[in-house]
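To start, the structure itself, in C-alpha cells.
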There are 2 protein chains.
Amino acid sequence: MASSTEGNTRPIRLADIAKAAGVSHGTASNVFSRPEIVREEVRERVKAAAEAMGYAGPDPKGRLLRAGKVNAIGVATTEPLSYFFDDPFARTMMAGISEACDATGAGIALVSAGNEEKLAWNIQSALVDGFILFCIEGGPRLVELTRERKLPFVALELGSEDDTVSAIGVDNVAGARLAAQHLAELGHRRFAVLALPFADDSTGLVSPEQIRTAAYTGTRDRLVGYFEALSRFGVDTAGIPVYETENDEASTRAGLEAIFAGGEPPTAILAMSDRMAMVAIEWLTARGIAVPGDVSVVGFDGVPEAALSIPALTTIAQPIAEIGRRAARMILDFDGTVRRETLGVELVVRASSGPPPKTA
Amino acid sequence: MASSTEGNTRPIRLADIAKAAGVSHGTASNVFSRPEIVREEVRERVKAAAEAMGYAGPDPKGRLLRAGKVNAIGVATTEPLSYFFDDPFARTMMAGISEACDATGAGIALVSAGNEEKLAWNIQSALVDGFILFCIEGGPRLVELTRERKLPFVALELGSEDDTVSAIGVDNVAGARLAAQHLAELGHRRFAVLALPFADDSTGLVSPEQIRTAAYTGTRDRLVGYFEALSRFGVDTAGIPVYETENDEASTRAGLEAIFAGGEPPTAILAMSDRMAMVAIEWLTARGIAVPGDVSVVGFDGVPEAALSIPALTTIAQPIAEIGRRAARMILDFDGTVRRETLGVELVVRASSGPPPKTA
DNA sequence: CACCTTTGTTGGATCGATTCAAATTTTTGC
DNA sequence: GCAAAAATTTGAATCGATCCAACAAAGGTG
C-alpha cells in the first residue's frame, strides 16, 4: 500500500512536519504560533521541513476548535444576500459595521438563505462570535432562530418589544412626529401614509385593527408619531389612508394608485422609508403631479441617495452608519449584558416638501 | 443578575447531553444530524435532555473540523472592508457573487485588514473553502499571500500574467480599443488619458518607460488598446498625456489639473474607470467646460451609476455581475484545474461623448 | 428452533491544531 | 566542577463534534 498511495495527496498536517523534522508536535506548533520561544536552529529545521513538504501552515479549522474565538461577526437577514450590496440603507449600515470590524481586525460573515429552513441551518452553522440581525422583515422569527444559537447578538431596529434582546434603533415615534409636524407647519392638512409592513405577508390599506395588532412595532411607532403630531394640528387622523407596502417598487406604486384613486387626493405623503419616498416622487412626477408644488413628500431613513433624488428628498435622517458601528462594537466587546440603545434622528429639509398648493 | 456564583458556566457539549440522557455520544450526535435513524423514544429523551440543560445544538466548530468543508467563500481585498459597500464596481461584483452563493446556500466571508501584516494573518486564518481576490491594487501581493494558503482561489481582473493562477477578467485591449475608436470616429484628435495605477505608489504623468515596466498589466493593456486604435487614425500617441491616478477623487482631480495646465487642451478624455470619468465630468462642468460640447469623456467599467450621471456616461461596460457569478461558481465547483476566462465588453454610448467643438 | 434480516446503539478513531505541566538541556554563578 | 536557574522541548490532554465497524435486539422464515 505504500507505493500505491503515491498520488494520494492527503493534506499535510502539522504532525507530519513534526515527524519529518524530528521534533514533537508541541514544538512544531510553537514554530508557527510562538516562534520566539523555540531555538533558532530547530525553528529553521521545522520551517525547512514544512517548506519541503508543501505545508500550508496551521489549518485554521484545527486552531479554531482549540481557540474558541472565530474573530468574525455574522450579519444575518431574511433577505437574499445581494440585499447587502443593493439596498442603500443596508449598505450604509454595513459601512459602519465594516469600520468597527476593520478597527479590531475582525471579519464579517454574511448570513442569509433562499428559504427559511436554509436560513435556520445557516444561522446554526455560521462560524461567528456573534450576530447582528437585520430585522427588516421577519424580525421576530430571525431573533428566535438566533437565540437558539446562544451567542451574543443584537437586533437592528428595536422592532420587538421583548427587552431581553439587545437592540439598537432610533426613536421612531419622535422621528415620525418631526416629519408630520414639518408638513403640518407648512400648512398641509390632507395626508396619506406609505407604511412599512405591519405584519408578515400583508399589504394594502390598513384598518385601525391591524394597526393595533401590528407585529412590527417599529412600523406602528412611526404611525403613532405621525398621528400624534397631526392630531395636535387638528387633523382627523382616522381619515388618513395608510397603505402598507413591502418597501419595494411594485407595492409602493400599488399604494400610490390606491391613494390617488379616491376623490380628494392628499397634498402630502408621509413615507416610512426613503425608498418608498423616492418611488413616490418618481411616480408623481411621471403623472405630471409636481413635487412639492402639488404634493409634498417626506421620507424616513436618510440614505445617501435621498440627497441626490430630484427633487432632493426631505427626510428623517437616522445615524445609519453609527448604528452599524455601535452594533458591531456591542458584539465585539460583549460583556454578557443586554443593552438597548435608542439613537436620535433629525429632520433634514430638502426640496421635496413645501407649502400645499393654494387652490387646495 | 441572580447568583453570579452559579459557577463557571462551561458551555454544554454534546457529550454532556449524551450522558444525561444515558446514551452514547454517537447516538446523541445522530439525534441532531440524522434524527431519522434513531428510535423515536430515544430521540425525544435526548432532545429533552438537551432542552433541560440549555444545549445550543452541535457546535459548528466541532462539526467543521470533522466535515472539512466550511461552506463559505472568502472575498479578499487590500482595500478596507467598507470598500465592498462603497465602491459601485465592487458592489455590483458582490451582487453577482451573492447570487451564486445564494443559489447553493454558501456563505460569504469578507476578508481585509488595515495593514499588510494583518491582511496576511486574516487570509491565513479565514474560515473559507476558497478565495475570490479583488486585485484592484496590490494584486500580485494578494495573490502571493493567498497562494500560501493552498486553497482554490480566483483573481478578478487578469492583472497578472502568471497563468498558473485562475482568473476572470475582460478583454482590456479590445475594450480600450472600442473606447478610443468611438472618440476618433467622432472626429477627436487631441486626447488625454486618466490611467489606473501602473505600479504601487506611483502617480503623475507617465513615461513610456513606466508603461513598459507596468506591474499591473490590466492598466497597460487598456493603454495599449487606446493607443492601438488611435494610431490607426493617425494620432501621434507619443504626445498624449497619460496621468496615473489612484482611482480616487483627489488624484483624479490632480490629473485633470495637470492635463489642462498645458497649452493645447484635449477634446476628449479616456478614463480607465467610470469613477474617474465621473469625477472628470464634474470637474469639467464646474469649470464651465461643456461635456460633451467642449470635451468628451468616455469611461470604463459600466457601473450602474454611470447611467445616472449628468450627462450620462459613455463607457465600456464590463459584465461585472457575471464576472462575480462565474468567480463564485469557479470556487464552489472547483475541480483542481486552473481556469482563465476572458469575457467580452461592450461600448455603451450615452451622452458624455460627441463630436469635438468646431473651433478646435 | 436455528438462521438470516432489519433496525438501533455503541464506543473507539479521527479531524488538526494548542496548551501546559513535567522532563530535559543549557547557562549561569561561584 | 557542581548546583541552581533559565531556556527548551516533550507528550498527553483537550477543544466538540462525526463516522463507522462491530455488536445487540427484535422480527421474519422454513
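Per chain, numbering begins at 1; letters A, B, ... match sequence-line order. All values below come from the heavy atoms of this structure, side chains included, with hydrogens, waters and symmetry mates left out.
- Atom CD of B:Glu117 sits in a sparse spot, with 12 or fewer heavy atoms from other residues, nucleotides or ligands closer than 6.0 Å.
- Taking 4.5 Å as the limit, every side-chain heavy atom of A:Leu64 sits out of range of all side-chain heavy atoms of A:Lys61.
- To the nearest angstrom, P of C:dA17 lies 16 Å from CZ of A:Arg34.
- Residues meeting the ring pair (Phe, Tyr, Trp, His ring centres under 6.0 Å) test with A:Phe131, sequence neighbours left out: none.
- Rounded to whole Å, the distance from CG on A:Leu14 to P on C:dT19 is 12 Å.
- The closest side-chain heavy-atom distance from B:Val165 to B:Leu133 is not below 4.5 Å.
- In terms of heavy atoms, A:Met330 sits closest to A:Ser166 at SD-CB, 4.1 Å.
- Sorted by first and then second residue, the pairs that involve residues 37-64 of chain A and meet ring-ring contact (aromatic ring centres under 6.0 Å, His included), not counting sequence neighbours, are A:Phe32-A:Tyr55.
- Residue A:Glu40 contributes atom CD, which lies 16 Å from atom P of C:dT26 at whole-angstrom precision.
- Over its full length, the helix from C:dC1-D:dG30 to C:dC30-D:dG1 turns its helical axis through 40°, comparing axes from the five pairs at each end and rounding to 10°.
- Among all heavy-atom pairs drawn from A:Glu322 and A:Leu343, the shortest one is CG-CD2, 4.0 Å.
- Counting heavy atoms of neighbouring residues, nucleotides and ligands inside a 6.0 Å radius, atom NZ of A:Lys19 does not exceed 12 of them.
- Boundaries of the chain B contact region on DNA chain D are D:dG16 to D:dC19, first to last in 5' to 3' order (nucleotide atom under 4.0 Å from a heavy atom).
- For the pair A:Leu64 CG and C:dG16 P, the interatomic distance rounds to 14 Å; values are reported in whole Å.
- Scanning for side-chain contact (heavy atoms from CB on, under 4.5 Å) contacts around A:Ser98 gives A:Ile108, B:Leu81, B:Ser82, B:Phe85, with sequence neighbours left out.
- Per the geometry, NZ belonging to A:Lys69 stands 17 Å off C1' belonging to C:dT18, to the nearest Å.
- Without hydrogens or angle criteria, B:Arg325 side chain to B:Gly96 main chain gives no donor-acceptor distance under 3.5 Å.
- The interatomic distance linking B:Leu65 (CG) with C:dC15 (C1') rounds to 4 Å, in whole Å.
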| field | Sugar-phosphate or base contact per nucleotide [nucleotides 5-11 of chain C; S, B, -; heavy atom under 4.0 Å] | value | ---SSBB

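- Side chain of B:Ser125 to main chain of A:Pro60: no donor-acceptor pair is present (N/O by atom type, distance under 3.5 Å, no hydrogens or angles).
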